[in-house]
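Below: the structure, in structure tokens.
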Amino acid sequence: MAQMVEKKRKRQSNGVQTPSKKVDTGILKVTHSSSTDPNARPIIASTPGCTAPSIPFEAYRNESSTLLHSTKHPRLDYTALPTPATSPLSHYIAVYDPATQTLDLTPAQHVTLRSTLRSETQQVENSNRERTIGKQREILGETFGTKKAKKAIASKTVNAITKGGNAQGKPNDVETAILGSVAVKAAHIKTEEEEAEAALAAKPIPKPNLKAERVEDVYDLEILIPLSDQRLVQVKDWQDNALADIPMDFSNRMTAFRVSEIAKAGEYTKLKALGYLNALLEFHEALAPAGRGGKKVPKKEVLVKKMSTYPETLIDSVRRRFAAGNELNKFQQDYLYTHICALALYIDNYTVEMSNLKDDLKLENKQLGQYFSELGCRISPPTEKEREVWKLTKAMASATKVAKLKLPLEFPRARAGRRR
């Protein structure tokens with residue numbers, strides 16, 4: 001029976017030569033250099049907690065090790081102490097020569113570099129002699145005193161740094177070094193005002209002016225309504241209808257109960273603000289529930305139909321400002337609510353009877369009051385005078401809350417975490 005012999009096919013060449021898998025690595029020669037004099041060996045220094053300065057050092061040698069010391073720095077002394085002889089570690093410096101493929105190992109001494117304030121040693125030596133009865137009392141006060149006593153002693157110490165030192169009241173080298181390091185760190189510490197601004201910037205609220213001297217300047221209208229949107233809000237029809245006593249229909253109580261009075265008073269800017277507020281309320285009304293407590297923005301044609309009294313450009317601007325894509329998460333909903341509340345403050349002269357907004361936004365007094373509080377408002381029941389002006393019965397007044405923006409602003413404090 002004939003046997004079939006299958007020949008191996010050669011791999012087709014692509015014109016590129018592949019290198020051989022065998023590589024000539026050569027032979028690495030390792031040499032060991034040693035010196036009979038240990039003090040002639042190079043030195044390797046570790047610098048924990050400090051940076052090695054570019055200054056000359058004096059070397060002090062004994063039979064087995066070398067110590068380095070320098071006083072060339074303006075305020076610091078540097079000392080490099082040798083590693084104890086009992087250490088199990090050995091240190092080497094390796095030098096590789098690629099030309100001869102030779103690696104030379106040389107034994108080295110290891111030292112640890114530390115820094116100290118120049119007059120610190122002298123202060124330690126003199127401290128026992130300088131401890132008068134008064135200083136001994138301060139030490140006892142710092143150890144066993146009350147918080148008030150400790151604070152007074154600390155204040156005295158801080159003042160001593162700036163006032164003491166020498167007869168001219170200038171700080172000495174140690175105090176200068178301390179004050180210099182404190183100044184560098186203090187430059188990166190935020191002030192209380194900067195920390196407050198940073199905390200408010202992270203919240204879903206309009207940016208307040210914390211330096212405002214009038215309540216009207218806390219939330220600038222250009223912050224609440226961008227100038228490009230202000231131009232798109234048309235209120236001439238509202239003015240004409242109000243002056244002619246023609247009834248106007250609105251889907252929210254906030255606009256319906258204010259438009260005629262504002263238009264007849266000729267407050268054009270405030271009427272524009274009411275027009276933008278009405279747009280935000282209609283936008284809010286068009287939102288549908290979504291997962292995880294979010295809100296869903298309807299399709300563009302549906303939203304345009306529900307906000308038909310506004311130009312499409314303004315509708316798109318509102319959607320982009322308060323929604324991410326087609327949804328509003330919790331942060332974005334809060335951002336929308338606080339803008340609505342801030343506009344209500346502007347329209348109602350910074351004193352808002354909250355019942356209209358409560359019904360329009362379908363929120364409880366407590367939740368709506370929290371949004372006003374985030375803006376720096378105080379929440380309280382109506383006063384007797386306000387009850388008479390708004391014609392509220394006692395029963396109605398007991399269920400009514402009033403938000404007032406006053407200076408100084410009062411923002412909610414950050415909640416502390418629960419103790420475990």
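Between Tyr268 and Trp238, a ring centre-to-centre spacing not shorter than 6.0 Å is recorded. Annotation: Tyr335 is in aromatic contact with Phe322 [ring centroid separation under 6.0 Å].
Checking side-chain atoms of Tyr310 against main-chain N and O of Gly275 turns up a donor-acceptor pair under 3.5 Å. Checking side-chain atoms of Thr106 against main-chain N and O of Tyr92 turns up no donor-acceptor pair under 3.5 Å. Remark: side-chain polar atoms of Ser317 are not paired, donor with acceptor, to backbone N or O of Thr313 under 3.5 angstrom. Side chain of Glu282 to backbone of Ala279: no donor-acceptor contact under 3.5 angstrom is found.
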Fill in: Test log, rule salt bridge (charged side-chain N to carboxylate O under 4.0 Å, His left out), inputs Asp77 and Lys72
CA-CA 8 Å; Asp77 288 345; Lys72 300 300 182 181; over 6 Å; no
Practice prompt. In sequence, state the C-alpha distance, the side-chain angles, and the governing distance for Asp359 and Arg253, and then conclude on salt bridge (charged side-chain N to carboxylate O under 4.0 Å, His left out).
Written response: CA-CA 8 Å; Asp359 295 338; Arg253 297 161 61 91; 3.4 Å; yes
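In terms of heavy-atom proximity, Thr255 sits nearest to Asn278 at OG1-OD1, 3.0 Å. Nearest heavy-atom pair across Pro56 and Ser70 is O-OG, 2.8 Å. Across Pro412 and Glu374, no two heavy atoms sit closer than the pair CG-OE2, 3.8 Å. Listed here is the closest heavy atom pair of Gln332 and Leu328: OE1-CA, 3.3 Å. A pairwise comparison of heavy atoms in Ala342 and Leu224 identifies CB-CD2, 3.6 Å as the closest pair.
Ring geometry, His73 versus Tyr78: the interplanar angle exceeds 60°, so the pair is classed perpendicular (tilted spans 30 to 60°).
For the residue pair Asn326 / Arg319, no side-chain donor-acceptor distance below 3.5 Å is found, with atom types taken as modelled.
Taking the side chain as every heavy atom from C-beta outward, Leu405 and Phe372 never approach each other to under 4.5 Å. Within the 4.5 Å cutoff, no side-chain heavy atoms of Arg258 are placed close to those of Lys270. Side-chain atoms of Gln109 and Ile44, non-hydrogen and from C-beta on, never get closer than 4.5 Å to each other. Between Phe57 and Thr71 the shortest side-chain heavy-atom distance does not fall below 4.5 Å. In this structure the side chain of Cys341 reaches within 4.5 angstrom of the side chain of Leu375, judged on heavy atoms.
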